[in-house]
Peer 1: 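Sending over a structure as structure tokens; questions will come in a sec.
Each chain gets a letter, A, B and so on, in the order the sequences are listed, and its residues count up from 1.
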2 protein chains.
Amino acid sequence: MVGKGPGFTRNTCFGRYLTLVLGAIGFETFREMDLSKPRGRKSGAPTMIDVAHTAGVSIATVSAFINGSANVSAELMLRIESAIREIGYRRNAAARSLKTGATHTIGLTVADIRNPFFTDVVAIVQDVLNRAGFAVMLCSSDEDTAKQDEQIRLLLERMVDGLIIGPAGEDEVTRRLVRSTRKPVVLIDRMIAGLGVDAVVLDNRAAVLEAIQYLLGLGHRRIGYISGAAGTATGHDRLEGYRAALANAGITPDPGLVRDGRFREADGYRAAMELMTLPERPTALFSANNLMVIGAMRAIRDLGLSCPGDVSVACMDDFPWADVFSPRLTTVAQPVKAIGEQAASLLLNRLAGNAPPEPLVLTLRGQLIIRSSCAAPTVRQSA
Amino acid sequence: MVGKGPGFTRNTCFGRYLTLVLGAIGFETFREMDLSKPRGRKSGAPTMIDVAHTAGVSIATVSAFINGSANVSAELMLRIESAIREIGYRRNAAARSLKTGATHTIGLTVADIRNPFFTDVVAIVQDVLNRAGFAVMLCSSDEDTAKQDEQIRLLLERMVDGLIIGPAGEDEVTRRLVRSTRKPVVLIDRMIAGLGVDAVVLDNRAAVLEAIQYLLGLGHRRIGYISGAAGTATGHDRLEGYRAALANAGITPDPGLVRDGRFREADGYRAAMELMTLPERPTALFSANNLMVIGAMRAIRDLGLSCPGDVSVACMDDFPWADVFSPRLTTVAQPVKAIGEQAASLLLNRLAGNAPPEPLVLTLRGQLIIRSSCAAPTVRQSA
DNA sequence: AAAGCTAATCTAAACGTTTCGGCGTTGTCA
DNA sequence: TGACAACGCCGAAACGTTTAGATTAGCTTT
């Protein structure tokens, strides 16, 4: 007899069966069980029952084989495997989830899927999670809190095992939704206080502070700020960084130099338009994210202004093309890879149960990347 | 008596119940049923059974109310609704799917989630599908066919009701996977022949042909071409367009001017590097997608060349920032909105059963957007 | 007043898995 | 040689819904 021992390392991931090559095995016993069950119950997909019938074993054995949860003899493994192949069986995840209570699916909502920052994070989260055997359900709330809440509801109803949320914002519904679920939740990018869940965020205040200090160092005194959605921690913290930098330099912040761009390109355009048509316009512009800076650049172009000649520009969030087109934008890069990986493993750890009871909040540092979109302010002739 | 009539339009979407205000209704009958079932079966979430007990009705009635599938009296509606609210019930989608055979979830795989083109399509597909009550499971195959196949398997096992695939490529596994499922499938961006499924694609040949003609019109004769993955229909058709344009102009294509950039930035960089260091270098470069053009621009910059001064550049796929940074790229824009909407409704139609038996293939037109990254070739002094 | 209809509610049988307990067979050890 | 454990396999009971069919009760119709 061959290989009766326990030396079979089998991938627990269903779909890749060990292909046993055991030499001659009696195929005469194959298929001699009653196949009376007509295989046409509901015109549906083949089930484990069909596999069991075809292979002439019990359902329990098929299940044991597929999950590697118990020892199955080499002969039966072979029979079951070819039965599966023959009838094209695929496991029904709904039934499995119903029984086990786990879906091996995690929900992911981000504020805006079109934002390269989120796209990068999504790609990484998806990769890590896929590798761990989880599927990802993605939703983009398009910076709309109501939509976001609806999506969280949708995901929770779909019985996701966990949730990663890059919130558009927070309202009472969001908070209740998150608090009422027992599923692990990880917040990314934007903190929501008092939820008692894990989070991985940027030190937004420090990031913007450093960027504004750089601008101040170049000699700018009137720095326009295009802020992010006011209702978010991220928007708030970044604005704080801006104010703190000015305060450190002994400059009283001019409230007129701050406009809300709601993290979106169109609103960023509007904000920049307003700022750059001020009687005494700013010599530099800082955008609290990458989408708004596109709007800002468009506004600058539409006004016939040049960057950095007429106005210096910098922003939060780097993008792949920032250093190949001009002006080569000065940005604060977020550690997207780390954010995605940390968020995924935080969740995976909670799921595995090896995480401390108290919530973990990871605060990462941004990195100022100086390119050529900022210069010393030019002296204005008038006013 | 109030409102006994059938005038109640109820949203079939679970989660938003009609809040009935019917005046005084006897609450004395409320909760008088036996609540002996201890509500602690498995420490799990509350079930329909719990709701039924709390409201003092049968499970069938709860189900009827939630799904709006049968008439339920106003009084019971009220009782059930507050029971749901009270115990925080949320429907178990796994059980529901097991019974109905539908998950109201669709799977979406794209070749590269970091590509703004796919991002846009994803955003739109997701929006349309969410609106129709479907969740979206997203996977990015990162231009890796094996990964893509694994993901399709994952999605199919998760019992998605349908699949939208933006293929990284095609191999035998892909074809077998798609052919073996009975779920509706819609292909986007890249066609796979002989699958008999719906698809929405661009007229890639025509799109590139037009762009190359534009370049030829400017006087270019040596046009470098950075091609997409050779194994894809899209890559093939675009290259065809390039060749056809040259042929039409009576130019024999120089095979040395075509390099594979595999639709990725890094490979695009390499391809452009090779092309621009040729003894007799091209006066224009066309990139078969948007990611590779970033690599190409980086190569041009690294070589100390200028665009469009030393070399004209154009590419497939537009992006939001293409007209605010310089050089303002000349691109062929794809109708992303239409692609996403058509793909989603094709799928929705199949699911609803009102689609013709034969597969539908929608071919959309691209639009050449002329900006400032192309100019007439400058005469080279040497050779 | 009997019969028939409709509306409202309930009972119970699936759906396709997982998993616990049980039961022969072998093999081991005293 | 008998007791006992280990192994390999199976039967059957969940998991939480949906839904067809049964059962009322209240009306209308003849």
Side-chain angles (χ1 to χ4, degrees), chain A residues 1 4-6 8 12 14 29 33 37 39 41-53 55-80 84 87 89-104 157-159, chain B residues 1 4-6 8 12 14 29 33 37 39 41-53 55-77 79-80 87 89-104 157-159:
Chain A
M1 250 318 186
K4 199 62 176 293
F8 295 174
T12 60
F14 174 56
T29 60
M33 290 293 279
K37 273 277 165 55
R39 252 290 24 245
R41 285 177 323 294
K42 211 184 171 179
S43 84
T47 76
M48 227 158 166
I49 303 180
D50 303 315
V51 175
H53 280 146
V57 299
S58 77
I59 324 177
T61 308
V62 177
S63 177
F65 167 67
I66 287 174
N67 297 304
S69 54
N71 287 333
V72 178
S73 70
E75 177 182 346
L76 290 201
M77 282 173 91
L78 204 52
R79 292 227 304 264
I80 294 171
I84 288 176
I87 67 178
Y89 168 74
R90 205 169 335 237
R91 177 163 62 186
N92 182 325
R96 164 166 237 248
S97 299
L98 175 58
K99 198 69 183 96
T100 63
T103 53
H104 277 250
E157 185 179 317
R158 291 265 183 324
M159 307 262 103
Chain B
M1 249 316 188
K4 198 63 177 291
F8 296 175
T12 61
F14 175 56
T29 60
M33 290 292 279
K37 274 276 163 57
R39 254 289 23 248
R41 283 178 326 294
K42 211 184 171 179
S43 83
T47 77
M48 226 156 163
I49 303 179
D50 302 316
V51 175
H53 280 146
V57 299
S58 77
I59 324 177
T61 307
V62 177
S63 177
F65 167 68
I66 286 175
N67 297 303
S69 54
N71 287 331
V72 177
S73 70
E75 178 182 344
L76 290 200
M77 282 173 92
R79 292 228 302 264
I80 294 170
I87 67 177
Y89 168 74
R90 208 172 327 238
R91 176 163 63 186
N92 181 324
R96 164 166 237 247
S97 299
L98 176 59
K99 196 67 183 107
T100 62
T103 52
H104 277 252
E157 186 179 318
R158 290 267 183 324
M159 308 262 103

Peer 1: Using a cutoff of under 3.5 Å, can you pull out all pairs of nitrogen or oxygen atoms linking the protein to nucleotides 18-21 of chain D, with atom names and distances?
Peer 2:
residue: dT18(D); atom: OP1; partner: Asn67(B); partner atom: ND2; Å: 3.3
residue: dT18(D); atom: OP1; partner: Arg96(B); partner atom: NE; Å: 2.8
residue: dT18(D); atom: OP2; partner: Ser63(B); partner atom: OG; Å: 2.7
residue: dT18(D); atom: OP2; partner: Asn67(B); partner atom: ND2; Å: 3.3

Peer 1: Quick one: does any side-chain atom of Asp50(B) pair with a main-chain N or O of Pro46(B) as donor and acceptor, under 3.5 Å?
Peer 2: no
Peer 1: Look only at the side chain of Thr100(A) and the backbone of Arg96(A), and say whether a donor-acceptor pair between them is shorter than 3.5 Å.
Peer 2: yes
Peer 1: Are OP1 or OP2 of dA7(C) and a side-chain N or O of Asn71(B) less than 4.0 angstrom apart?
Peer 2: no
Peer 1: Look at the side chain of Arg158(B) and the backbone N and O of His104(A), then say whether any donor-acceptor pair between them is shorter than 3.5 Å.
Peer 2: yes
Peer 1: Rounded to whole Å, please give me the gap between CD1 in Ile80(A) and P in dC9(D).
Peer 2: 8 Å
Peer 1: Is the phosphate of dC10(D) approached by Ser58(A) (side-chain N or O, under 4.0 Å from OP1 or OP2)?
Peer 2: yes
Peer 1: Pair Glu157(A), Arg91(B) - check salt bridge (Lys or Arg N to Asp or Glu O under 4.0 Å), show working.
Peer 2: CA-CA 6 Å; Glu157(A) 185 179 317; Arg91(B) 176 163 63 186; 3.4 Å; yes
Peer 1: Using atom types as modelled and distance alone, determine if a side-chain donor or acceptor of Asn92(B) lies under 3.5 Å from a backbone N or O of Ala94(B).
Peer 2: yes
Peer 1: Could you tell me the separation between the CG atom of Leu76(A) and the C1' atom of dC7(D), rounded to a whole number of Å?
Peer 2: 13 Å
Peer 1: Under 3.5 Å, is there a donor-acceptor pair between the side chain of Arg79(B) and the main chain of Ala55(B)?
Peer 2: yes
Peer 1: Measure the CE-OG1 distance between Met77(B) and Thr61(B) for me, rounded to the nearest 0.5 Å.
Peer 2: 12.0 Å
Peer 1: Using five base pairs at each end to define the local axes, how bent is the helix from dA1(C)-dT30(D) to dA30(C)-dT1(D), to the nearest 10°?
Peer 2: 40°
Peer 1: When the distance from CZ of Arg90(B) to P of dC15(D) is rounded to whole Å, what number comes out?
Peer 2: 21 Å
Peer 1: Nearest whole angstrom, please: distance from the C1' of dG16(D) to the CG of Asp50(B).
Peer 2: 10 Å
Peer 1: Can you measure from CD1 (Ile84(A)) to CD1 (Ile66(A)) and round to the nearest 0.5 angstrom?
Peer 2: 4.0 Å
Peer 1: What's the CD1-C1' distance between Ile84(A) and dT17(C), to the nearest Å?
Peer 2: 14 Å
Peer 1: Nearest nucleotide by nearest heavy atom, which residue falls closer to the 5' end of DNA chain C, Leu98(A) or Thr61(B)?
Peer 2: Thr61(B)
Peer 1: Write down the distance between CD (Glu75(A)) and C1' (dC9(D)), rounded to a whole number of angstrom.
Peer 2: 12 Å
Peer 1: Go through the structure and list residues passing side chain to side chain donor-acceptor pair (under 3.5 Å) with Ser97(B), not counting sequence neighbours.
Peer 2: none
Peer 1: To the nearest Å, how far apart are Met77(B) CE and dA7(C) P?
Peer 2: 16 Å
